[in-house]
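Letters go in sequence order (proteins before strands), and every chain restarts at 1. Below, each value reflects all heavy atoms present in this structure, side chains not excepted, and no hydrogens, waters or symmetry copies.
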Protein chains: 2
Amino acid sequence: MPQDRMPTIRDIAERAGVATSTVSRALANPQRVNARTREKIERIAAQLNYVPSTQARGLSSGRTGAIAVLVPDVTNPFYFDIIRGTQNQLKAAGYTQLLVDTEEATDVELEALRRLRRTADGIILAASRLTDQQLADAAARQPLVTINRATADAPTVLIDTPGAMVQALEHLDSLGHRKVTYVGGPTSSWSTHRRWNALQEAASRRGMEISKIGPYTPKTSSGAAAADSALRTGATAFIAFNDLIAIGMLQRFRERGVRVPEDVSIVGCDDIFGADFCNPPLTTIASPIEQAGRTAVSMLLAQLDPLRGGTPRKLAVMPTHLEIRSSTGPAPGH
Amino acid sequence: MPQDRMPTIRDIAERAGVATSTVSRALANPQRVNARTREKIERIAAQLNYVPSTQARGLSSGRTGAIAVLVPDVTNPFYFDIIRGTQNQLKAAGYTQLLVDTEEATDVELEALRRLRRTADGIILAASRLTDQQLADAAARQPLVTINRATADAPTVLIDTPGAMVQALEHLDSLGHRKVTYVGGPTSSWSTHRRWNALQEAASRRGMEISKIGPYTPKTSSGAAAADSALRTGATAFIAFNDLIAIGMLQRFRERGVRVPEDVSIVGCDDIFGADFCNPPLTTIASPIEQAGRTAVSMLLAQLDPLRGGTPRKLAVMPTHLEIRSSTGPAPGH
DNA sequence: CAAACTTTGGCAATCGCTTGCCAGCATGTT
DNA sequence: AACATGCTGGCAAGCGATTGCCAAAGTTTG
């Protein structure tokens, strides 16, 4: 692999008969240099197939040109969409995306944050497992935007799932379900508490009976246990923390011969890839996940150079809606 | 955001009363320095919450500590498993993962490769759309490993899908299908040609009739057109380039009232997330995708420091098998 | 035509860390 | 006792870009 020394601005400078500083300016600051000189330099650069060293540039400028995206689990389709959103927007802005999987673990998250302090210009933190204090510390050290984890210390993108939870409850109510169970996500997840609170309140307002089981890991494989446990609550409808769990439950119900939606109804959350083609297709809370990723990037970039970005928003709330498919139906005996 | 100047080895050196070179060595090359000095330095470093600058380190050492992973489409679940695999292994080896979406476009891929020459220590190129010549050039410039794209110029990880394609054909044959259609992927995809060739050969050996339609974009949304077109071939069984297309076809058949597997059988490829819970569950060619990602990383790292890695392998072939579920059944009238 | 600007390009310091080379000292070897 | 070795740690030269400051040349202006 004979990768001969890469050309530097110095090589260009020599061939062009100018100083390196002129080359640097010609490339980064075109109007600072005479058009003829610039063209000459550009020509030589192209000819040498010159690529500036991000490293060296970063050293003097203090920026790395990279933004890190931290997600709890890269394989969770929910985060795919986030990543797709950030990827798009970052590329458009000329940034590189560093993808980090924090394995749903606080310490991994903290360690990543620490290392990245020098490696990335900013961080997008999806569904952080950190405490308020830890988040505040992190935000004080580096530009940060959180997704689905509100904090006073950093701009946040929230997907308004709780809002649609209420819709889901109404939907179930109108189908005659009086007793509903919420299938909770990981205890460390801020979202699951938020959703449960919204549900509780809405249920009591409508005089519906609601209970909670869990916590469950947000994977389809948790669905079996969740399904069994859910059945024991005696509820006729279940609202799952997310689609992964809901899909897992669907599979388990099928195994056990419990018919959906004839015997029980089930509502998922997120409308991830697969929610529309599982069996039966899942009624779920659809969220503009990808857009959340894009918005997070915008908010972060605005924070990075406040000059251009206008007033940086501190909070963006993404609208959601209930996507009714076939996993919900009339309560038995209705 | 008052991120006060970050501590450097110089700060540590001052407090420890040693030279910066000693600090550098204490941190990077522990046995090169007296134990007492080292401990002192380590203590101060911890106390200052020191994080070395990857940039500066890279400048002098010439390595960036980052590996780029290029995939044609981040939202394709197939690549997500690859990404999960690389992510795991890279983290274990202390590398950072740069994720780049090449948008199934040759020029985006080339440009990314160019930029990354200075930014990453090595590249993992999944399902590259490059020509042999372009690949050879890239491989000559930087350490490179390809996945599902064989080339003589770089180590390669291949998923032996063609092997299992033959199994799939046997399976269909034994169910009485005599006429099969292959639903092809993008023309620029090396894999689709490879699969089609394997199928053609196996079909002629077994005296089965095989035809091809396509190309189709590997998304579920292509499935509708694929399904309609597939039906017109008069075949009773279809083998799709990948699960995404297969799942899209499943949906379309359902819409059109074509029963699977009673009327037609369909085989997917990759066994991605969702293949087991779609309706009906998809018979597909299961591949150890995540392991392919891990293997690619190992091969790349072996290439990066040949000292440790032993003989770097030039080719790894991942075994596959046919996962029979419910989308295949006896041919009509059998 | 001189004073006052502008434009253009070079010099050199700097960013934070690594590393080759050397010197001082403690040990070990004849 | 003289000399070869081995440990440690400091000096200083990079790595490849950016940028403040300055000077020479070119333009405007009064």
**Report entry** Distance-only polar pair, side chains of A:Ser188 and A:Glu104, donor-acceptor under 3.5 Å
**Finding:** no

Query raised in the report: If you measure only the distance, is there a donor-acceptor pair under 3.5 Å linking the side chains of B:Thr146 and B:Ser128?
Result: no

Query raised in the report: Does A:Thr20 put a side-chain nitrogen or oxygen below 4.0 Å from OP1 or OP2 of C:dG10?
Result: no

**Report entry** Close residues, residues 11-19 of chain A, relative to DNA chain D [heavy-atom separation under 4.0 Å]
**Finding:** none

Query raised in the report: Are a donor atom and an acceptor atom from the side chains of A:Glu109 and A:Thr106 found within less than 3.5 Å of each other?
Result: no

Query raised in the report: Do B:Asn29 and B:Gln31 have a side chain donor and acceptor closer than 3.5 Å?
Result: yes

Query raised in the report: When A:Gln134 is tested against each of A:Thr131, A:Asp137, A:Asp132 for side-chain hydrogen bond (donor to acceptor under 3.5 Å, both in side chains), which residue passes?
Result: A:Thr131

Requested in this report: Mark yes or no for whether B:Asp81, through its side chain, and B:Glu290, through its backbone, hold a donor-acceptor pair below 3.5 Å.
Outcome: no

Query raised in the report: Of the residues in residues 39-66 of chain A, which ones touch DNA chain C at a heavy-atom distance under 4.0 Å?
Result: A:Leu59, A:Ser60

Query raised in the report: Backbone N or O of B:Val108 within a donor-acceptor pair of the B:Glu103 side chain at under 3.5 Å?
Result: no

**Report entry** Residues which pass side-chain hydrogen bond (donor to acceptor under 3.5 Å, both in side chains) with A:Thr75, listed by chain and number, not counting sequence neighbours
**Finding:** A:Asp73, B:Arg84

Using atom names, set out every protein N or O paired with an N or O of nucleotides 20-22 of chain C below 3.5 Å, distance rounded to 0.1 Å.
unit_1, atom_1, unit_2, atom_2, d
C:dG20, O6, B:Arg25, NH1, 3.3

Query raised in the report: Does any donor atom in the side chain of A:Thr64 or B:Gln55 lie under 3.5 Å from an acceptor atom in the other side chain?
Result: no

Report task. Specify the residues of residues 110-118 of chain A, ordered by number, for which at least one heavy atom lies under 4.0 angstrom from an atom of DNA chain C. Result -> A:Arg118

Query - Touch class at under 4.0 angstrom, heavy-atom based, for A:Thr8 against every strand present - result: sugar-phosphate

Query - Leading and trailing nucleotides of DNA chain D with any atom under 4.0 Å from heavy atoms of chain A - result: D:dG16 to D:dC21

